[in-house]
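Beneath this line is the structure, given in structure tokens, with notes to follow.
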Amino acid sequence: MDPITQQTLLAAAGAAAAPVTAADVFSTVLYVGNATSRSIDNGIDLAGEGGLTWIKNRSEQYDHQLISTEQNLKILYPSWYSVGTVNLNNFTQFNSNGFTIGTYNHTNKTGNNYVSWSFRKAPGFFDVVTWAGNATNGRTVAHDLGSVPEMIITKRTDGTGHWYTYHSGLANTQYVYLNAVNAVATGSMWGNTTPTSTVFTLGSGQPNEIAQNYVGYLFATLSGISKVGSYSGTGSAVNVDCGFTNGARFVLIKRADSTGGDWYIWDTARGIAAGNDPYLVPNTDAAEVTNTDYIDPLSSGFTVTSSAPAALNASGGTYIFLAIA
């Protein structure tokens, strides 16, 4: 289905107009820290439309930071099991064309290199929701995605808890942690129920414990703009067709069938090329790795190379991913 047709259907269903291009809803910005509070212009209206900004210090060991417009400036760290923090020296506000950072090392250390990825809320692409747990099995949480969520990343915001993640490449009885290398596990986190275009379902435990507060980041496949999917490893080069025309600008991958698989992030601003491609690992605080060639460009999506490790391309391995054009 082409983006214009999907946009029409979403509008007919009562949703706002879907994005026409990925640039309307997603941006990668590279910047160098200077320890001076300043605005980062990414061309996306996060203050008005809502969304998520994800920041990482590429030069040193500092945690990834996720801040959404629904979190009251609370910063969540995908390598942490513990609670997030509010620190205006790290992140100050969302703007009509990006966001403002403070002076602290995590976001603005003098001379350090940083990357930020921003995802704007938009029908068919991305949504952010919050809820208070009630420990009721089968409880549903409403969303405004306007289509079926295919990846849901959740985190408790007022206390400790894993980053329970749903992915359509897995069964609705399975989950995986964003904050760990664990293989997929079985549990009733999603009430053994596949999400719909209006709600997703939770079980009676995490992420739905009574009197606990949670946030969820919801992604979907939007034709020509985003792809939530899976592939099987071969040990040889694997072409992953996302239905794009100019390749993937952002790729997030996790091995699902075996313990020991990190999450990996690439983007074209840092480099998805025929040679080495810098990657970051959100389940750790590690600095950027720059001397590997695990991914190559492909006009319809991306290629996982034959030199990629088992965490990305073992023969018979199962891998889940999110890609954005």
Side-chain angles (χ1 to χ4, degrees), residues 1-11 15-30 41-46 49-54 56 66 97-98 115-128 145-153 167-169 217-231 237-254 263-274 277-280 282 294-305 308 312 319-325:
M1 182 181 297
D2 65 77
I4 300 301
T5 302
Q6 190 160 357
Q7 176 182 359
T8 302
L9 291 177
L10 285 166
V20 175
T21 70
D24 296 327
V25 293
F26 173 76
S27 175
T28 302
V29 173
L30 306 182
D41 185 351
N42 62 17
I44 294 179
D45 183 4
L46 294 170
E49 301 294 335
L52 166 71
T53 289
W54 183 329
K56 177 66 174 85
L66 277 68
N97 61 347
V115 59
S116 70
W117 305 289
S118 291
F119 309 82
R120 202 200 83 192
K121 292 169 67 173
F125 172 67
F126 177 68
D127 193 20
V128 183
L145 192 59
S147 62
V148 176
E150 296 172 79
M151 185 173 185
I152 306 173
I153 301 172
H167 195 283
S168 59
Y217 311 125
L218 283 61
F219 296 88
T221 296
L222 183 57
S223 180
I225 292 176
S226 58
K227 176 66 176 179
V228 179
S230 61
Y231 65 89
V238 178
N239 291 333
V240 182
D241 187 346
C242 301
F244 302 158
T245 56
N246 294 304
R249 290 190 296 145
F250 174 92
V251 179
L252 170 68
I253 301 175
K254 169 78 170 81
W263 294 81
Y264 291 79
I265 298 177
W266 292 269
D267 61 71
T268 52
R270 293 178 300 126
I272 296 178
D277 315 283
Y279 70 82
L280 289 160
Y294 295 163
I295 190 172
D296 277 344
L298 179 71
S299 60
S300 62
F302 60 93
T303 296
V304 182
T305 68
L312 294 165
Y319 303 85
I320 55 176
F321 71 87
L322 165 68
I324 300 174

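Here the shortest heavy-atom pairing between Lys227 and Cys242 reads CB-CB, 3.7 Å. Smallest separation of non-hydrogen atoms from Ala122 and Leu145: O-CD1, 4.1 Å. Taking both residues in full, the closest heavy atoms of Leu30 and Val115 are given as CD2-CG2, 3.6 Å, listed atom of the first, atom of the second, then distance. Closest approach of Ala325 and Arg249 over heavy atoms only: O-NE, 2.8 Å. For Ala220 against Ser147, the heavy-atom pair with the smallest separation is CB-OG, 3.6 Å. Residues Asn97 and Asp41 come closest through the heavy atom pair O-OD1, 3.0 Å.
The distance from atom CG of Leu222 to atom CD of Glu150, rounded to the nearest 0.5 Å, is 10.0 Å. Expressed to the nearest 0.5 Å, how far CD1 of Ile44 lies from CD of Glu49 amounts to 10.5 Å.
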Please walk me through it: do Thr245 and Ser300 pass side-chain contact (heavy atoms from CB on, under 4.5 Å)?
CA-CA 5 Å; Thr245 56; Ser300 62; over 6 Å; no
Thr221/Ser226 under side-chain hydrogen bond (donor to acceptor under 3.5 Å, both in side chains): CA gap, chis, key distance, verdict
CA-CA 5 Å; Thr221 296; Ser226 58; 5.7 Å; no
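Residues Leu312 and Tyr264 meet the side-chain proximity criterion, which asks for heavy atoms closer than 4.5 Å. The side-chain heavy atoms of Asp277 and Asp296, taken from C-beta on, include a pair separated by under 4.5 Å. Between Ile225 and Phe244, every side-chain heavy-atom pair lies at or beyond the 4.5 Å cut-off. Inter-residue side-chain proximity for Phe321 and Leu252 is flagged as unmet; no heavy-atom pair is nearer than 4.5 Å. Annotation: side chain of Ile253 is in contact with side chain of Phe302 (closest heavy-atom distance under 4.5 Å). Counting only heavy atoms from C-beta outward, the side chains of Pro282 and Ile265 approach each other to under 4.5 Å.
A donor-acceptor pair shorter than 3.5 Å can be found between the side chains of Thr303 and Asn239. For the residue pair Thr53 / Ser116, no side-chain donor-acceptor distance below 3.5 Å is found, with atom types taken as modelled.
The aromatic rings of Phe126 and Phe219 are tilted relative to each other, their planes meeting at an angle between 30° and 60°. Taking the six-membered ring where the residue is Trp, Phe119 and Trp54 present tilted rings, their angle falling between 30° and 60°.
Evaluated for a ring-ring contact (aromatic ring centres under 6.0 Å, His included) with Trp117, the options Phe250, Phe26, Trp266 yield exactly one hit, Phe250. Of the residues Val148, Ile152, Ile320, Val228, the one that meets the side chain to side chain contact (heavy atoms under 4.5 Å, CB included) test with Ser168 is Val228. Results of the side chain to side chain contact (heavy atoms under 4.5 Å, CB included) test with Asp267 over Ile272, Ile324, Val251, Thr28 single out Thr28 as the only residue that passes.
A donor-acceptor pair is defined here as one N or O able to donate and one able to accept, closer than 3.5 Å; such a pair exists between the side chain of Ser27 and the backbone of Asn42.
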